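One structure below.
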Amino acid sequence: MDFNKLNRGDLNNLQNQDLDFDKKAMWANLENRKERRPVFWWWGVGLGAALLLVGMFFYFNSDFEIKEKVSQVTDYQSNVVRDKMKNVEKEIENKELDLKSNFENGIASTKEKQITSNKKSAKFIDKEQLSRTQSAAEKQISEAPIFNSTNQNFEADSKKSTKIDTKKVVNQISKSTVSLSENSKFDSSQIALGLLPLLHNKKQFLEIGNNEKFDLKTIGNFKPKNFKKTNLLVSIFGGIGYQQRILATKGERINSEYLAARKNNETVLESWSAGLLIDKRINKKLQIGTGIELVQHNEKFLLKKYETNNIEAFTKEEIPSSFLNQNGFLTKTTENIYQNQIRLVNVPLSVSYLMETKNIRLTPTASVVFNLTQASMGHIENVQGEVTDMTPFFKSNIGLAYRFGCRIYYPLNTRYLLFANPQFEINPSDVSQSIGPISQKRNVLRLDIGVSTQIGF
Amino acid sequence: MQENSDIAIIKGCQKQQPDAQRVLFEKYSGMLFTTCFRYVGNRADAKDALQESFIRIFKYFKKFDSKKGSLKNWMIRICINESLKRIRAQKTFEQLQELPEEPIENPLVLSQLHMKDLIQLISQLPLPYRTVLNLFLVEGYSHTEIAEQLNIQKSNSRAILSRAKAMIKKKIVLEHKYF
């Protein structure tokens with residue numbers, strides 16, 4: 001090699017020379033570097049998988065619950081009996097009662113502390129009503145010797161005859177409180193579901209009591225009873241929402257008071273969601289997207305059942321011993337708390353307008369959401385007061401919904417972004433079947449948060 | 001044209017197979033280390049440059065098109081770029097004047113010079129000299145291309161090269177090793 005005459009590329013063979021160095025150590029470093037690199041990507045995938053698993057768990061597990069609370073109220077219609085009850089009240093307040101009642105049309109079994117008071121009973125029966133019944137009872141009583149008020153067992157004074165026609169008194173009371181259709185399926189000891197809201201409205205209760213035209217048939221067959229210039233953006237998210245429920249009657253098939261009671265007693269209306277989105281940029285300012293999501297709408301409400309039973313209809317084992325041989329009637333109030341879930345699988349189609357600042361990307365978005373399936377899980381009461389599965393009363397597909405929102409992206413690095421997506425969803429369709437008791441539409445205010453990855457720089 | 005053995009390695013590396021990547025590393029790491037060493041001048045920096053080069057090689061292997069060039073040249077270019085990143089960060093190239101070449105008195109000296117010894121001599125040159133010398137004499141870039149790479153003028157590239165040659169010759173003569 002003549003160094004004097006060296007020219008361009010003449011030392012090219014130096015490229016093929018090997019110098020020794022610690023190859024094992026370098027390979028070990030390289031493997032460490034390779035393993036460390038995709039951590040964030042795998043965290044994102046793991047988070048997405050976890051969100052989807054949570055969504056699938058809620059979708060496939062029914063988690064409905066009914067809680068029943070029974071309170072026992074005793075009301076004595078006669079002045080004389082009421083006086084004697086004052087002594088009994090103190091005794092009863094300290095006792096815990098096991099109440100078992102067997103009714104012709106249903107069986108309820110609860111364990112409850114007994115609550116008795118004349119004041120409470122007055123909630124269910126107006127004073128005017130009371131005075132009417134009292135006058136009727138008094139008339140009966142005036143024709144017969146009165147009880148000795150000192151006798152705690154309420155036994156008649158042996159020196160005087162005691163002949164009170166208790167049957168007549170109770171029947172009088174029953175007639176004056178409510179008139180029932182002979183053709184109704186309800187026993188005289190039960191009151192239809194439609195009357196339950198009237199517990200809070202004494203005037204209406206009286207009106208119905210006095211309204212001869214009131215007929216349970218008007219309720220009808222009430223069977224009741226949801227971001228450098230990337231081309232592709234893949235996102236995973238989870239979210240919460242709040243439902244604005246729009247409940248309405250379906251003509252004359254249901255008493256509007258039931259609807260009012262249902263609306264007033266709803267306590268939980270939150271929604272949960274999780275899913276996967278894919279967005280593609282079609283030009284500088286627009287992107288289109290689709291995906292799949294799982295949504296669960298929760299609802300919680302309570303319904304009260306008011307039941308009146310002739311004491312004689314109870315067996316001795318069912319009535320607390322201190323109530324035996326008493327005039328009057330037993331009133332039982334049952335509260336059922338319903339916790340239901342409605343689960344949906346949706347496919348959204350969205351169009352977004354891209355606005356980028358230095359630090360964030362704003363994308364106002366409009367979406368059409370196709371519902372693939374809706375499944376309802378829970379229970380509801382029918383007209384007969386029977387608890388039944390609510391599945392047949394909700395549609396299995398609710399059609400289209402519309403969403404408007406704005407995604408806010410914050411880039412973590414050149415590949416990953418965090419995003420928040422507040423949006424408002426409108427469901428114009430009734431989500432319940434025609435056989436359902438009421439129509440239900442829902443609007444949802446929701447907030448989704450998640451992670452996006454940019455593909456195709 | 002690719003070597004037959006390289007075809008299998010290329011296919012494996014494009015599928016991100018660890019075994020294929022290991023074979024690639026074992027086969028070419030020595031050569032690529034020498035490349036990095038020629039530019040950065042010391043083993044520590046050469047190892048860093050080589051490590052970063054292999055990470056980029058594995059990451060962008062799918063973009064390698066065997067029809068456009070050989071795998072070896074592609075990897076050498078990545079190593080040179082990685083080395084030049086470090087060089088550009090360290091040094092600005094001063095404007096120098098080209099020196100006239102002075103011939104070595106005993107041309108036999110060069111015929112006895114081993115390649116590895118020459119590599120060592122080149123690595124001992126100052127940063128700008130060995131960079132231009134490597135790019136021109138070893139990689140075969142023109143002065144125009146060198147000027148673009150290093151953000152210097154073309155005349156400066158020539159001047160640096162002439163001074164690099166003079167310095168190498170002086171070292172050979174001074175050390176008297178090859179007589």
Side-chain angles (χ1 to χ4, degrees), chain A residues 1-46 49 227-234 278 280 411-417 452-457, chain B residues 16 18 21-22 25-38 43 46-48 50-52 54-55 57-59 72-73 76 79-80 101-104 107 109-116 118-120 122-123 133-143 146 161 165 168-169 172:
Chain A
M1 175 177 60
D2 187 350
F3 205 85
N4 295 323
K5 294 180 182 177
L6 285 178
N7 214 332
R8 180 180 165 187
D10 284 345
L11 294 180
N12 188 256
N13 54 358
L14 285 183
Q15 286 183 345
N16 298 325
Q17 300 303 311
D18 278 6
L19 289 178
D20 291 331
F21 70 101
D22 190 354
K23 291 185 181 180
K24 277 186 182 175
M26 181 165 289
W27 180 250
N29 284 341
L30 280 171
E31 286 201 308
N32 283 341
R33 291 280 295 269
K34 277 196 298 178
E35 281 172 7
R36 259 186 278 137
R37 273 180 173 265
V39 162
F40 195 90
W41 167 252
W42 285 111
W43 270 110
V45 170
F227 30 4
K228 318 180 202 186
K229 299 173 183 178
T230 179
N231 290 328
L232 209 61
L233 202 65
V234 178
I278 301 173
K280 183 173 170 58
L412 297 173
N413 53 39
T414 54
R415 179 162 285 189
Y416 299 103
L417 310 95
S452 300
T453 180
Q454 305 184 100
I455 298 172
F457 267 97
Chain B
Q16 302 274 318
Q21 290 175 339
R22 182 67 189 265
F25 176 81
E26 293 293 337
K27 185 173 179 181
Y28 289 104
S29 59
M31 178 195 73
L32 296 175
F33 176 75
T34 309
T35 303
C36 295
F37 180 78
R38 284 192 284 109
R43 297 181 75 90
K47 283 181 187 174
D48 288 342
L50 180 66
Q51 187 163 288
E52 292 299 323
F54 265 106
I55 289 169
I57 287 167
F58 293 146
K59 184 179 177 184
K72 178 185 132 187
N73 288 340
I76 286 174
C79 288
I80 293 170
E101 288 204 28
E102 296 173 8
I104 298 176
V109 169
L110 296 174
S111 65
Q112 296 172 5
L113 199 62
H114 294 293
M115 292 295 109
K116 290 190 178 179
L118 185 56
I119 291 170
Q120 287 292 340
I122 293 172
S123 69
L133 189 142
N134 274 312
L135 287 170
F136 186 83
L137 291 179
V138 180
E139 267 62 65
Y141 286 105
S142 66
H143 287 295
I146 293 170
L161 179 66
K165 280 185 182 178
I168 290 260
K169 290 173 196 176
I172 294 170

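Quantities reported herein were computed from a predicted structural model and do not represent experimental measurements. Reminder, nothing fancy here: chain letters follow the sequence lines and each chain counts from 1.
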If one checks every heavy atom of B:F136 against chain A at 4.5 Å, the contacting part turns out to be both
Restricting to side chain to side chain donor-acceptor pair (under 3.5 Å), what partner residues turn up for A:N16, sequence neighbours left out? B:K72
Just so I understand: if I count every heavy-atom pair under 4.5 Å between each of B:I119, B:N134, B:I122 and chain A, which residue has the most? B:I119
Interchain contact, A:N7 with chain B, by part (heavy-atom threshold 4.5 Å): both
Report the residues that fulfil side chain to side chain donor-acceptor pair (under 3.5 Å) with B:E26, sequence neighbours left out, ordered by chain and then residue number. B:R22
What part of B:L135 is in contact with chain A, defined as an atom under 4.5 angstrom from a non-hydrogen atom: side chain, backbone, both or neither? neither
Does the side chain of B:L32 reach to within under 4.5 Å of the side chain of B:I57, using non-hydrogen atoms? yes
Comparing B:Q51, B:H143, B:E139, B:R43 against chain A, the one with the most heavy-atom pairs below 4.5 Å turns out to be B:Q51
B:L50 versus A:F21, closest heavy-atom pair with distance: CD2-CZ, 3.6 Å
Is there a side-chain contact between A:L11 and B:L118 (heavy atoms, below 4.5 Å)? yes
